[in-house]
Amino acid sequence: MQIKKAVVPVAGLGTRFLPATKAIPKEMLTIVDRPTIQYIVEEIVASGIKEVVLITSAGKAAIENHFDYSFELETFLAQKGKRDLLREVRNISRLIDVVSVRQKEPLGLGHAVMMAETVIGDQPFFVVLGDDLVVSEVPCVYQMKKLFEELDESIVAVQRVPENEVHRYGIVEGEEVSPGVYKVNRLIEKPSPGSTSSNLAIIGRYCLRPEIFGCLHRTLPGVGGEIQLTDALSTLKNERALYAYEFQGSRFDAGDKLGYLEATVHFALEHPELGGPFRLFLQDMISKLS
Ligand code: UTP
């Protein structure tokens, strides 16, 4: 079955990035020359998915506006003959069709995903977190889409994390059924030390069958009093199968201050015009450090 829609939850409060996120959504913080959310949407589009369901909350209108047509701005740029900028601004609004759904209270990622039920219906779909960047030759969403065509079961993207970071993630335990693909037999949200020997952490890419909605309805608040997607996935794996996929590429948690800085350096070095001079600047900085 073809996957046509991606749900992008952006309704969180972004407390790890305060005070920057008091009035600005963390997904709108700029990485070099684009807001984080644009990198996310570009990955979705590059994977052949055209419809994005944004789960938003009060104060997140800037995200919807970013992907909307801006008559005033486009007219101004056209009149001034700024063709390159006009093309760039137009391309953003033509990237995707956006549907927005409000999450009225930040009751957790699982709750946010539940808000998409009527828009998604009885189809498989992606959940792509608005602050988790993946850099890879083949887009991560596309890698998962291909795997879904083989397995026809829900898949979570995972990466190995250092022992001392395990407690920050949803962790999966499972048996490797083919290189980098695991059949999940246990999930633990933010495990306490010693409660798992696995370091396979779920990152912000999920390919889900619609049965997840029934599981979410039956999920009670878990860690932090929030309705956790990981808990609903735990139910799903008992009713159908659930797989974990060690994707090809690297990932930056841009919702975290350090992750955001790392992403900025990565994308600045990759930038066609800024990469060269920025590399020289960094080399100079590093030589002064040592
Ligand atoms: P995070 O925990 O990373 O985001 O949730 P947060 O809550 O915004 O940030 P902190 O932890 O307070 O700094 C993962 C994703 O789930 C979304 C967030 O927007 C983020 O993309 N989310 C989380 C919701 O949409 N609704 C929620 O109730 C919770």
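First listed ligand is number 1; within each ligand, the first listed atom is number 1. In this chain, residues are counted from 1 in sequence order.
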Discussion item. If only side-chain N and O atoms count, and only distance matters, is there a donor-acceptor pair under 3.5 Å linking Glu246 with Tyr182?
Written reply: yes

Fill in: Rounded distance (nearest 0.5 Å) linking atom OG of Ser250 with atom NE2 of His266
6.0 Å

Item to complete: Check ligand 1 against Ala112 and write out every atom of the ligand that is under 4.0 Å from a heavy-atom position of the residue.
Response: 24 (C), 25 (O), 26 (N)

Worksheet item: Hey, looking at atom 7 (O) of ligand 1, which of Ile40, Val7, Leu13 has the closest heavy atom?
Response: Leu13

Worksheet item: Does the side chain of His111 pick up a donor-acceptor pair with the side chain of Glu105 at under 3.5 Å?
Response: no

Worksheet item: Taking only heavy atoms of Gln103, which atoms of ligand 1 are found under 4.0 Å from at least one of them?
Response: 24 (C), 25 (O), 26 (N), 27 (C), 28 (O)

Worksheet entry | Minimum non-hydrogen distance to atom 10 (P) of ligand 1, winning option of Ile37, Thr15, Leu18, Ile227 | Thr15

Worksheet, complete the sentence: Under 4.0 Å between heavy atoms, the region of Pro106 that gets near ligand 1 turns out to be both

Fill in: Arg205 side chain vs Asp132 backbone, donor-acceptor pair below 3.5 Å
yes

Practice prompt. Report yes or no: does Gly14 have a heavy atom closer than 4.0 Å to ligand 1?
Written response: yes

Response to the item:
min-distance protein heavy atom vs atom 25 (O) of ligand 1 -> Ala11 N, 3.0 Å

Practice prompt. Ignoring angles and geometry beyond distance, decide whether Gly255 reaches within less than 3.5 Å of ligand 1 through its nitrogen or oxygen atoms.
Written response: no

Discussion item. Regarding Ser100 and Glu64, do their side chains bring together a donor and an acceptor under 3.5 Å, going by distance alone?
Written reply: yes

Practice prompt. Report, in ascending order of atom number, the atoms of ligand 1 lying under 4.0 Å from any heavy atom of Glu27.
Written response: 19 (O)

Worksheet item: What atoms of ligand 1 come within less than 4.0 Å of a heavy atom belonging to Lys26?
Response: 3 (O), 4 (O), 6 (P), 8 (O), 9 (O)

Fill in: atom 21 (O) of ligand 1 protein-contacted, heavy-atom criterion under 4.0 angstrom
yes

Worksheet, complete the sentence: CE (Met28) and CG (Asn65) are apart, to the nearest 0.5 Å, by 8.0 Å

Discussion item. Among all protein heavy atoms in this structure, tell me which lies nearest to atom 14 (C) of ligand 1, with the distance rounded to 0.1 Å.
Written reply: Leu129 CD1, 3.8 Å

Discussion item. Below 4.0 Å, non-hydrogen atoms only: which portion of Val10 touches ligand 1? Side chain, backbone, both or neither.
Written reply: backbone

Worksheet item: Aromatic rings Tyr260 and Phe17: how do their planes relate, parallel, tilted or perpendicular, breaks at 30° and 60°?
Response: perpendicular

Worksheet item: Does the gap between the ring centers of Phe267 and Tyr39 come in under 6.0 Å?
Response: yes

Response to the item:
A student checking ligand 1 against Leu107 at a 4.0 Å heavy-atom cut-off should list atoms 28 (O)

Discussion item. Let me confirm one number: the CD-CG distance from Gln103 to Leu54, rounded to the nearest 0.5 Å.
Written reply: 12.5 Å

Worksheet item: Which atoms from ligand 1 have a heavy atom of Leu109 less than 4.0 Å away?
Response: 16 (O), 29 (C)

Discussion item. Could you check whether Phe76 and Phe71 have their ring centres less than 6.0 Å apart?
Written reply: no

Worksheet item: Does OH in Tyr142 sit with more than 12 non-hydrogen atoms of other residues, nucleotides or ligands closer than 6.0 Å?
Response: no

Worksheet entry | SB check Arg16 Asp253 (cutoff 4.0 Å) | yes

Discussion item. Looking at ligand 1, is there an atom of it that comes within less than 4.0 Å of some heavy atom belonging to Ile55?
Written reply: no

Item to complete: Mark up the atoms of ligand 1 that fall under 4.0 Å of a heavy atom belonging to Gly108, in ascending order.
Response: 26 (N), 27 (C), 28 (O), 29 (C)

Fill in: Nearest-contact summary for atom 24 (C) of ligand 1 - protein heavy atom, Å
Gly12 N, 3.4 Å

Fill in: Shortest protein heavy-atom distance from atom 13 (O) of ligand 1, along with the residue and atom involved
Arg16 N, 2.7 Å

Practice prompt. Taking only heavy atoms of Asp131 into account, list the atoms of ligand 1 that are under 4.0 Å away from them.
Written response: 3 (O), 21 (O)

Discussion item. Check for me whether Glu226 has a heavy atom closer than 4.0 Å to any atom of ligand 1.
Written reply: no

Worksheet item: Does Glu176 pair with Lys183 as a salt bridge, N-O distance under 4.0 Å?
Response: no

